[in-house]
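Structure, as structure tokens:
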Amino acid sequence: MDLLPNLIGGQWRTPKVSGSSPVMNPSRGESLAAVPMSSAADVDEAVKEALKAFPDWRGTPPNERAQVMFRLKAMLEDEFEELAKGICREHGKTLIEARGDLRRGLEMVEYACGAPTLLMGESLENIARGIDCHTDRVPLGVVAGICPFNFPALVPMWMWPLALVCGNCFILKPSEKVPLTMQRIADLLKKAGLPDGVFSIVHGGREAVDALLEHPDVAAISFVGSTPVAEAVYQKGCLHGKRVQAAGGAKNFLVILPDADVEATATALKDSAFGCAGERCMAGSVAVAVGEAGERVLPALVDIIHSMKIGPTDVEDQPDMGALISAQHRDRVEELISLGESKGGKVLADGRNTAVAVAPDGYYVSPTVIDGIDYDNDLSTTEIFGPVLSVMRAKTLDEAIAAANRQSFGNGACVFTTSGKAAREFRHRVSAGMVGVNVGVPAPLAYFPFTGWNRSFFGDLHMQGREGVQFYTKQKTTTVRWFNFGEGDIWVK
Ligand code: NAD
């Protein structure tokens with residue numbers, strides 16, 4: 001199996017490492033490539049090349065930097081279907097989901113096309129007589145991004161389009177499980193006219209991440225992944241004097257009130273909990289059914305589940321849901337279902353031991369619903385990251401909000417109701433950074449910040465939107481006064 005090269009100084013280079021990790025097609029349990037576990041020396045090489053490229057890229061006018069993104073956007077549209085199919089192969093999500101992954105990433109490229117406007121500073125004439133003041137946004141230097149497996153296109157593209165148009169050089173450490181999509185897009189970036197060294201890829205795992213966190217010439221780190229790693233990356237990056245934004249795991253609650261529309265809510269629950277096989281940081285994980293809501297909505301949800309087709313996504317005839325990322329992850333999800341059951345949960349739809357005849361070696365767990373989860377059950381607090389919806393019961397909206405606020409994460413929370421007052425109360429009191437009202441996946445688009453809270457985010461400035469621009473720039477404030485200089489200055493009185 002070919003070892004993927006790193007992209008350093010505009011060249012694809014084979015790293016000098018002995019270790020590698022297989023990239024699998026989860027639909028079939030077959031290996032697609034091998035990813036190198038790059039060393040600190042590989043990281044250092046990438047940083048040195050990026051530092052060389054920085055002065056010229058920083059001096060390139062924002063409008064010219066944006067032109068690279070306009071050209072890239074056109075190329076991504078041309079190659080859209082092929083790239084989406086590639087995402088299906090390395091991740092296992094369905095083609096519709098892969099298109100969504102890429103489309104949301106492409107919207108970050110479109111947003112970055114607005115660089116000249118996004119980078120505008122502030123100024124005030126006459127802060128004192130004859131004195132003016134200007135604040136400019138300037139790039140940080142060499143910055144790096146470390147990504148999770150669940151969105152091979154979108155998550156890296158939360159980072160580098162904005163970082164680049166802000167004038168930084170960017171080093172990407174893709175997920176070792178899904179490195180192929182960015183490998184292809186890096187070629188397009190070069191074709192779009194990005195100078196060598198401005199964008200680099202260093203593959204690997206912990207050693208490469210540590211090297212980026214410790215490198216004195218890396219100014220900032222963007223991280224997305226699980227909470228324990230996000231917290232460790234945040235702490236280590238800060239310790240080494242870097243600006244860090246680190247998005248972590250999630251446990252998103254979906255509160256259903258008795259007045260919710262049954263069909264629409266059941267469909268939204270299905271999309272939220274089982275879309276991308278539950279491997280989304282905005283996936284609904286616990287439904288809190290208030291009063292009669294459970295009796296109204298759960299039977300409709302279980303009916304939908306029974307009509308869903310599970311299978312490989314690297315084929316024309318697409319299923320409704322694909323595989324999980326690895327055999328190890330599949331086993332962990334199945335163990336958690338069993339743990340939830342052993343602590344009193346009642347399994348209404350059981351996805352364990354799913355056999356897919358056409359792909360017997362794929363990593364499948366079918367949609368699972370497990371009712372009767374209470375505060376003592378691990379499923380009320382642990383991130384599962386698989387197609388499992390746990391159900392809690394509550395008598396009132398107050399109780400449901402208390403349940404949602406009890407766990408430690410704070411990415412998303414949703415309410416399903418026809419009452420504006422109840423929705424307003426939920427939005428006001430729930431402790432999560434992204435709220436959905438009759439929307440099961442309230443993930444904001446490129447021009448809004450992706451505002452995770454609590455243990456779902458470590459840092460001050462989030463990805464996407466204006467916060468993204470703020471993260472990748474620092475402000476320089478200049479105060480200006482001009483004196484008259486006697487004879488030569490005859491035209492100013
Ligand atoms: P992960 O934490 O295992 O890996 C993320 C990245 O960190 C990878 O590039 C990996 O190589 C690296 N890494 C892993 N262990 C490390 C260590 N000990 N030291 C340094 N680097 C390490 O996450 P994953 O399994 O790839 O992705 C799933 C997780 O990502 C879920 O918890 C999910 O909620 C989260 N996620 C969060 C968001 C968000 O916006 N909050 C978005 C997408 C995914």
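Start at 1 and go down the list; that is how both ligands and their atoms are numbered.
- Proximity of Glu176 to ligand 1, defined as any heavy-atom pair under 4.0 Å, is confined to the side chain (atoms from C-beta onward).
- The minimum heavy-atom distance linking Pro161 with Pro156 is given by the pair CD-O, 4.2 Å.
- Below 4.0 Å from some heavy atom of Asn150 lie the following atoms of ligand 1, by number and element: 43 (C), 44 (C).
- Heavy-atom minimum distance, Asn252 versus Ala250: OD1-CB, 3.7 Å.
- When all heavy atoms are compared, the tightest approach of Gln245 to Leu461 is NE2-O, 2.9 Å.
- Annotation: salt bridge (Lys or Arg N to Asp or Glu O under 4.0 Å) contacts involving residues 455-472, sequence neighbours excluded, comprise Glu231-Arg455.
- Residue contacts with ligand 1 for Phe457 are absent, since no atom lies close enough (heavy atoms, distance under 4.0 Å).
- The shortest contact between atom 27 (O) of ligand 1 and any protein heavy atom is with Pro148 CB, 3.2 Å.
- Listed by atom number, the atoms of ligand 1 under 4.0 Å from Phe223 heavy atoms are 5 (C), 6 (C), 7 (O).
- If you number the atoms of ligand 1 from 1 as listed, the ones under 4.0 Å from a heavy atom of Ile146 come out as 6 (C), 7 (O), 9 (O).
- Close contacts of ligand 1 with Val224, meaning ligand atoms under 4.0 Å from a residue heavy atom, involve 5 (C), 36 (N), 37 (C), 38 (C), 39 (C), 42 (C), 43 (C), 44 (C).
- In this structure, atom 15 (N) of ligand 1 lies nearest to the protein heavy atom Val229 CG2, 3.7 Å.
- A side-chain N or O of Asp314 and one of Asn25 form a donor-acceptor pair less than 3.5 Å apart.
- None of Phe457, Phe450, Phe471 except one satisfies the ring pair (Phe, Tyr, Trp, His ring centres under 6.0 Å) rule with His462; the exception is Phe457.
- The distance criterion of under 3.5 Å between nitrogen or oxygen atoms is met by Phe149 with respect to ligand 1.
- Protein heavy atom at the shortest distance from atom 39 (C) of ligand 1 is Cys281 SG, 3.4 Å.
- With a 4.0 Å cut-off on non-hydrogen atoms, Phe151 does not touch ligand 1 at all.
- Phe385 CE2, 3.6 Å is the protein heavy atom nearest to atom 28 (C) of ligand 1.
- At a heavy-atom distance under 4.0 Å, no atom of Ala232 approaches ligand 1.
- Counting atoms of ligand 1 from 1 in the listed order, those under 4.0 Å from a heavy atom of Lys173 are 8 (C), 9 (O), 10 (C), 11 (O).
- Taking Arg206 as the reference, Asp210 meet the salt bridge (Lys or Arg N to Asp or Glu O under 4.0 Å) condition, with sequence neighbours excluded.
- Closest to atom 19 (N) of ligand 1, if we only count protein heavy atoms, is Arg206 CG, 3.5 Å.
- Protein heavy atoms are absent from the space less than 4.0 angstrom from atom 4 (O) of ligand 1.
- Close approach to Ser226 involves these atoms of ligand 1, each under 4.0 Å from a residue heavy atom: 1 (P), 2 (O), 23 (O), 29 (C), 30 (O), 32 (O).
- Residue Arg280 does not touch ligand 1, judged by heavy-atom distances below 4.0 Å.
- Counting heavy atoms from C-beta on, the side chains of Met182 and Met157 come closer than 4.5 Å.
- Nearest to atom 37 (C) of ligand 1 by heavy atom, out of Gly204, Ala247, Gly248, is Gly248.
- Close N/O approach between Ser175 and ligand 1 is not found [any backbone or side-chain N/O within under 3.5 Å].
- The contact set between ligand 1 and Gly249, taken as ligand atoms under 4.0 Å from a residue heavy atom, comprises 32 (O), 34 (O).
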Please assess Asp376 against Lys343 for the test salt bridge (charged side-chain N to carboxylate O under 4.0 Å, His left out), listing each intermediate value before the final yes or no. CA-CA 8 Å; Asp376 300 331; Lys343 294 206 174 165; over 6 Å; no

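- Residue Thr227 has no nitrogen or oxygen atom sitting less than 3.5 Å from a nitrogen or oxygen atom of ligand 1, judged on distance alone.
- Looking at Asn411 against ligand 1, only its side chain comes within 4.0 Å, counting heavy atoms.
- Residue Glu383 holds the heavy atom nearest to atom 31 (C) of ligand 1 of all those in Glu207, Lys236, Glu279, Glu383.
- In this structure, Glu45 does not pair ionically with Lys48, as no charged nitrogen and carboxylate oxygen lie closer than 4.0 Å.
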Audit row: Arg28, Asp361, side-chain contact (heavy atoms from CB on, under 4.5 Å) steps and yes/no: CA-CA 5 Å; Arg28 304 190 182 276; Asp361 297 325; 5.8 Å; no

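- Backbone and side-chain nitrogen or oxygen atoms of Gly225 are examined, and one is located within less than 3.5 angstrom of a nitrogen or oxygen of ligand 1.
- The aromatic rings of Phe385 and Phe149 sit perpendicular to each other, their planes meeting at more than 60°, with 30° as the lower class boundary.
- When heavy-atom distances to ligand 1 are checked against a 4.0 Å cut-off, Trp158 comes that close only through its side chain, counted from C-beta outward.
- In terms of N/O distances under 3.5 Å, ligand 1 is not approached by Val209.
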Audit row: Leu119, Arg65, side-chain contact (heavy atoms from CB on, under 4.5 Å) steps and yes/no: CA-CA 12 Å; Leu119 285 167; Arg65 291 185 215 137; 3.8 Å; yes

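- Nearest non-hydrogen protein atom to atom 6 (C) of ligand 1 is Cys147 O, 3.4 Å.
- Listed by number with element, the atoms of ligand 1 under 4.0 angstrom from any heavy atom of Phe450 are 40 (O).
- Between Tyr472 and Phe170, the ring-plane angle classifies as perpendicular under the 30° and 60° cut-offs.
- Ion pair Asp374/Arg393 not flagged as a salt bridge, since none of the NZ, NE, NH1 or NH2 atoms sits closer than 4.0 Å to an Asp/Glu carboxylate oxygen.
- Geometrically, Lys93 engages Phe151 in a cation-pi contact defined by less than 6.0 Å to the ring centre and at most 45° from the axis.
- Across Met69 and Trp160, no two heavy atoms sit closer than the pair CE-CZ3, 4.4 Å.
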